[in-house]
Amino acid sequence: MDRLRRSKYCGDVGKEDLGNPITLMGWVQRKRDLGNLVFLSLRDRTGICQVVCSSDTYPEVHATARTIKPEYCVAIKGNVELRPEKMRNPRMKTGDIEVYAQRIDILSKSCTPPFVVEDGVEVSDAMRLRYRYLDLRRPEVQANIILRHKAAMAARRFLDENGFIEVETPVLTRSTPEGARDYLVPSRVSPGHFYALPQSPQLFKQLLMVAGFDRYYQIVRCFRDEDLRADRQPEFTQIDMETSFLDMDDILDLSEGLISSIFKETIGLELSRPFKRLEYKDAIDLYGIDKPDTRFGMLLHDVSDSVKDSEFKIFSSTVNKGGVVKAINVKAPHGLSRKDIDLLGDFVKNYGAKGIVWARLTKDGWQSPIARFLKEKERWSIENSLDFDEGDLLIFVAGNHDVVNASLGNLRVHIAERLSLATKGTYNPLWIVRFPLLEWSEEEKRLLARHHPFTSPVEEDIPMLETEPLAVRARSYDLVINGFEVGGGSIRIHSRDLQQKMFSVLGISEEEGMRKFGFLLEALDYGAPPHGGIAFGLDRLVMLLAGASSLRDVIAFPKTQKAVCPLTGAPAEVEDKQIAELGIKVIKKEG
RNA sequence: GGGGGCGUAGUUAAGUUUGGUUAUAACGCCGGCCUGUCACGCCGGAGGUCGCGAGUUCGAGUCUCGUCGCUCCCGCCA
């Protein structure tokens with residue numbers, strides 16, 4: 001018999017095919033065997049279509065159908081017929097029709113799958129990843145991967161239309177000491193020497209600007225050997241961009257165009273532009289963190305002035321020692337028990353706070369462990385600044401600025417999740433601009449670049465580089481959507497002198513700078529244009545678009561929290577011969 | 001590096017607080033019946049290293065210690 005050729009996808013079969021023979025290829029979702037009548041649900045990447053096999057029309061086809069089990073890969077040729085009125089299934093896209101099979105070819109049998117390949121089944125992540133090729137057959141997982149494809153297509157189209165040129169940069173490159181830990185690749189031909197996988201193509205895109213490409217982009221894999229989170233994978237994909245002769249406003253505008261196009265072309269949502277902007281300093285003051293979710297209120301208020309003379313010594317002494325007391329107002333927190341509030345106290349301990357102080361306003365006034373320590377005037381002042389109404393819950397945290405902001409900022413997000421304050425399907429893009437250029441590393445006892453060492457300081461702050469380096473602001477920007485940092489960038493340093501100065505502030509000697517970044521410094525000597533750019537995390541963007549809660553849901557073959565791939569078993573031991581060829585030695589840790 | 005949660009048939013879970021006969025359910029799987037199912041139905045059946053190791057005990061899924069894996073978070077990372 002000749003080979004069947006597909007004429008239609010399952011999800012596309014419709015009334016226009018009535019009476020016509022079609023051929024489908026797909027996987028058997030379910031078999032409903034009624035004896036002399038067998039129904040098969042056939043699935044491909046477009047949807048599911050019902051196939052009917054009856055013993056009195058094609059007995060041999062019916063006999064074959066009875067032997068079929070879930071996940072068999074089959075080809076089915078048959079006629080499309082309208083279903084009898086009462087047998088239509090309004091929940092199925094193809095529920096009005098069915099295919100009467102005239103021929104079934106079993107292309108490939110299947111073992112019993114370890115889990116049912118169907119939306120909504122509860123399977124552990126470990127199982128899903130171990131059998132990812134089966135998990136990826138599920139429509140909801142496939143939809144995420146297809147969404148990702150559409151997002152990448154939208155990005156490419158927008159960037160191409162705006163004059164960007166995609167250039168590939170090396171994956172085997174040189175380790176740069178600043179920033180995240182590198183994944184290293186030993187060189188066979190240069191024993192004892194190592195490549196690094198790029199944390200980002202940062203230096204190459206700057207060199208492309210020096211080379212005159214003017215507008216560069218790349219959808220590129222980046223690697224960072226750091227511990228994982230739900231929104232962090234060891235390898236991830238960036239939409240990486242760099243432009244010459246543009247200022248921050250131009251780059252933000254282009255970025256908004258890009259992000260808007262992606263939202264429009266994937267989920268059909270029109271984002272309102274321009275996106276809101278917040279100075280870094282204001283973000284910290286109002287939200288406590290640099291990636292605020294603005295879908296709900298509960299802003300942080302500094303009540304240090306109101307409590308600086310309080311009889312509640314924890315508050316007054318904190319303020320007098322230079323710390324702060326801040327509070328948030330959880331409006332009408334239905335469903336937060338005393339026990340829940342105690343758990344909030346445990347939550348902030350993650351961020352270094354000693355605990356929380358709470359207060360409720362009832363019709364009889366303040367109800368709080370510290371109510372009796374607060375004077376009328378102090379309570380009144382707090383009530384006013386926090387809009388404290390009957391039924392509300394205030395939560396205070398006292399401590400140094402960083403601890404209080406981190407604690408309340410993260411607590412605010414935590415409570416919002418707990419009380420479902422953020423509307424699903426809402427997207428609040430927000431620019432955070434002018435981050436501090438530098439930060440102090442307690443571990444290394446030196447200044448580090450907060451973004452990376454090539455970030456340009458704000459012009460008027462340059463004189464402070466030597467006097468008050470921590471106050472210097474960067475010409476940098478992050479795009480935050482719903483509390484996720486989805487992108488970030490900066491205007492770069494394009495003067496060799498300033499770059500040299502930056503290295504010296506970072507404690508990188510001229511000799512070391514030349515050795516590690518000499519190629520960039522040299523390039524800056526050959527007519528480097530003013531330039532700047534940004535990179536967006538494609539995985540995180542798609543995660544938001546998909547409404548997923550983990551990056552694993554939008555990556556075809558993700559890794560576990562230990563950076564292991566349960567499907568392939570990577571990373572794995574290699575042959576001694578391979579190790580020997582590389583001129584390296586494995587030191588086994590004794591257990 | 002640190003803290004929390006989880007680990008029991010193929011899968012998902014109950015049982016662990018308070019140790020006690022043969023470890024329970026659903027789905028899946030196997031056999032049989034069934035011509036309008038679509039989470040098909042009905043009848044019957046098989047299926048267990050309670051993650052692993054040690055300890056306490058007359059007796060451990062249950063208690064203790066260790067260990068491994070998955071996960072969420074802090075540190076780390078932009």
Side-chain angles (χ1 to χ4, degrees), chain A residues 29-42 48-57 62 66 69-71 83-92 94-95 98 111-131 134 178-182 199-200 202 222-234 236 238 290-291 343 346-352 406-407 410 414 432 435 439 441-443 448-452 455 476-480 484-490 534-537 540 549-550 552 559-562 564 566 591:
Chain A
Q29 170 85 35
R30 262 173 202 280
K31 176 177 69 171
R32 290 175 294 278
D33 185 345
L34 278 63
N36 285 315
L37 189 65
V38 174
F39 295 97
L40 299 173
S41 295
L42 193 67
I48 290 174
C49 183
Q50 174 160 285
V51 176
V52 193
C53 311
S54 162
S55 61
D56 37 57
T57 45
H62 170 262
R66 293 200 80 178
K69 294 175 198 173
E71 302 313 318
R83 292 197 195 180
E85 191 108 33
K86 282 181 186 158
M87 287 78 185
R88 293 182 192 161
N89 186 342
R91 283 172 302 157
M92 273 176 83
T94 60
E98 57 196 353
C111 294
T112 300
F115 51 85
V116 184
V117 179
E118 203 171 51
D119 280 351
V121 289
E122 284 183 33
V123 201
S124 67
D125 263 28
M127 262 299 145
R128 293 178 55 193
L129 297 188
R130 167 84 178 72
Y131 297 94
L134 295 180
E178 302 289 300
R181 193 176 294 116
D182 286 317
Q199 299 173 23
S200 83
Q202 183 59 36
C222 304
F223 306 85
R224 289 174 192 163
D225 186 6
E226 297 292 348
D227 287 348
L228 276 56
R229 289 284 190 282
D231 64 348
R232 262 161 41 188
Q233 281 272 313
F236 57 98
Q238 287 192 339
D290 62 2
K291 44 177 187 174
L343 289 175
D346 291 339
F347 179 85
V348 297
K349 286 175 187 161
N350 275 329
Y351 303 92
S407 299
N410 286 296
H414 180 73
I432 307 294
F435 284 67
E439 62 192 356
S441 165
E442 200 47 51
E443 197 179 323
L448 293 181
R450 194 186 166 98
H451 187 51
H452 54 57
T455 305
S476 63
Y477 30 86
D478 273 8
L479 181 64
V480 175
F484 285 92
E485 183 210 323
V486 298
S490 61
I534 190 164
F536 295 96
R540 284 188 189 167
S549 55
S550 167
R552 290 186 296 273
K559 294 190 170 54
T560 69
Q561 200 165 36
K562 280 250 173 97
V564 164

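So you know, we letter chains A, B, ... as the sequences are listed, proteins then strands, and number each from 1.
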Using the 3.5 Å cut-off, write out each protein N or O paired with an N or O of nucleotides 24-26 of chain B and the distance between them.
none

Practice item. Output yes when a side-chain donor or acceptor of Q233(A) lies under 3.5 Å from a complementary backbone atom of K559(A), and no otherwise. Key: yes
Exercise for review: Please check if any side-chain donor atom of R32(A) sits under 3.5 Å from a side-chain acceptor atom of Q50(A), or the reverse.
Suggested key: yes
Study note, to complete from the structure: The answer to which of K86(A) and G488(A) contacts RNA chain B further toward the 5' end, by nearest nucleotide, is K86(A)
**Study point:** Neighbours of RNA chain B within residues 30-40 of chain A, by heavy-atom distance under 4.0 Å
**Key:** R30(A), R32(A), D33(A), L34(A), G35(A), N36(A), L37(A), F39(A)
Revision key, fill the gap. Taken to the nearest whole Å, CG/L448(A) to P/rC76(B) is 10 Å
Review point. Mind checking the C1' distance from rC68(B) to rA54(B)? Whole angstroms is fine.
Key: 15 Å
Practice item. Quick one: look up who rC63(B) pairs with, Watson-Crick or G-U, both distances under 3.5 Å, and put none if it's unpaired. Key: rG55(B)
Point to revise | Separation of atom CG in L134(A) from atom P in rU11(B), rounded to whole Å | key: 13 Å
**Study point:** Distance, C1' atom - from rU62(B) to rU18(B), rounded to whole angstrom
**Key:** 10 Å
Review point. Does a nitrogen or oxygen in the side chain of R83(A) sit under 4.0 Å from OP1 or OP2 of rC38(B)?
Key: no
Review point. Using atom P of each nucleotide, how far apart are rG28(B) and rC70(B) to the nearest Å?
Key: 30 Å
Review point. Less than 4.5 Å apart, any side-chain heavy atom of V486(A) and any of V480(A)?
Key: no
Exercise for review: Please state the P separation for the pair rU12(B) and rG7(B) - nearest whole angstrom.
Suggested key: 11 Å
Exercise for review: Carefully, step by step, assess Q238(A) and R540(A) under the rule side chain to side chain donor-acceptor pair (under 3.5 Å).
Suggested key: CA-CA 9 Å; Q238(A) 287 192 339; R540(A) 284 188 189 167; over 6 Å; no
Exercise for review: Report the residues that fulfil salt bridge (Lys or Arg N to Asp or Glu O under 4.0 Å) with D225(A), sequence neighbours left out, ordered by chain and then residue number.
Suggested key: none
Practice item. Would you mind classifying the nucleic acid contact of S200(A) as base, sugar-phosphate or nothing, using non-hydrogen atoms under 4.0 angstrom? Key: nothing
Study note, to complete from the structure: Separation of rU37(B) atom P from L42(A) atom CG, nearest Å, is 21 Å
Exercise for review: Sticking with atom P, work out how far rG51(B) lies from rG15(B), rounded to a whole angstrom.
Suggested key: 14 Å
Exercise for review: Keeping the roles fixed (side chain from H62(A), backbone from V52(A)), state whether a donor-acceptor pair exists under 3.5 Å.
Suggested key: no
Study note, to complete from the structure: Taking a pair to mean Watson-Crick or G-U wobble geometry with both distances below 3.5 Å, rA23(B) pairs with none
Practice item. For S54(A), enumerate each residue passing the side-chain contact (heavy atoms from CB on, under 4.5 Å) test, keeping only those at least two apart in sequence or located in another chain. Key: L37(A), D56(A), T57(A)
Practice item. Can you check each nucleotide of nucleotides 70-75 of chain B against protein heavy atoms at under 4.0 Å and return B for base, S for sugar-phosphate only, - for none, in 5' to 3' order? Key: SBBSBB
Check your understanding: So what does E98(A) hit on the nucleic acid, given a heavy-atom distance under 4.0 Å: a base, only sugar-phosphate, or nothing?
Key -> base
Practice item. Nearest whole angstrom, please: distance from the P of rA78(B) to the CD of Q238(A). Key: 10 Å
Revision key, fill the gap. On RNA chain B, more 5' by nearest nucleotide between A180(A) and P114(A) is P114(A)
Check your understanding: If you measure from the P atom in rA9(B) to the same atom in rG75(B), how many Å do you get, rounded?
Key -> 36 Å
Practice item. For nucleotides rG48(B) and rU57(B), find the distance between their P atoms and express it as a whole number of Å. Key: 32 Å
Exercise for review: For the residue pair N410(A) and F347(A), establish whether any side-chain heavy-atom pair is separated by less than 4.5 Å.
Suggested key: yes
Exercise for review: Report yes or no: does K31(A) contribute a side-chain atom to a donor-acceptor pair with the main-chain N or O of V38(A) at less than 3.5 Å?
Suggested key: no
Exercise for review: Tell me what D478(A) touches on the nucleic acid: a base, only sugar-phosphate, or nothing, going by heavy atoms under 4.0 Å.
Suggested key: base
Check your understanding: How would you label the contact of M127(A) with the nucleic acid (heavy atoms, under 4.0 Å): base, sugar-phosphate, or nothing?
Key -> sugar-phosphate
Review point. If we call it a pair only when both distances are under 3.5 Å in a Watson-Crick or G-U wobble match, what pairs with rG44(B)?
Key: rC30(B)
Review point. Over how many whole Å does the gap from D290(A) atom CG to rC77(B) atom P extend?
Key: 14 Å
Review point. With a 4.5 Å limit on heavy-atom distance, are the side chains of R83(A) and N89(A) in contact?
Key: yes
Check your understanding: Base, sugar-phosphate, or nothing for G179(A), non-hydrogen atoms under 4.0 angstrom?
Key -> sugar-phosphate
Practice item. Using atom CD of E122(A) as one end and atom C1' of rG28(B) as the other, report the distance to the nearest whole Å. Key: 15 Å
Study note, to complete from the structure: Residue set satisfying salt bridge (Lys or Arg N to Asp or Glu O under 4.0 Å) with K291(A), at least two apart, ordered chain then number -> none
Study note, to complete from the structure: For rA39(B), the nucleotide meeting Watson-Crick or G-U wobble distances (both under 3.5 Å) is none
Check your understanding: Can you check whether R181(A)'s main-chain N or O pairs, donor with acceptor, with R224(A)'s side chain at less than 3.5 Å?
Key -> no
**Study point:** Nucleotide rA39(B), atom C1' - distance to CD of Q50(A) in whole Å
**Key:** 14 Å
Practice item. Calculate, to the nearest 0.5 Å, the distance between atoms CD and SG belonging to E98(A) and C49(A) respectively. Key: 9.0 Å
Practice item. Starting from P on rC34(B), measure out to NE2 on H62(A) and report it in whole angstrom. Key: 10 Å
Revision key, fill the gap. Taking a pair to mean Watson-Crick or G-U wobble geometry with both distances below 3.5 Å, rG7(B) pairs with rC68(B)
**Study point:** Check ion pair R450(A)-D290(A) (N to O, under 4.0 angstrom)
**Key:** yes
Review point. Between rC76(B) and rC65(B), how far is it from one C1' atom to the other, in whole Å?
Key: 30 Å
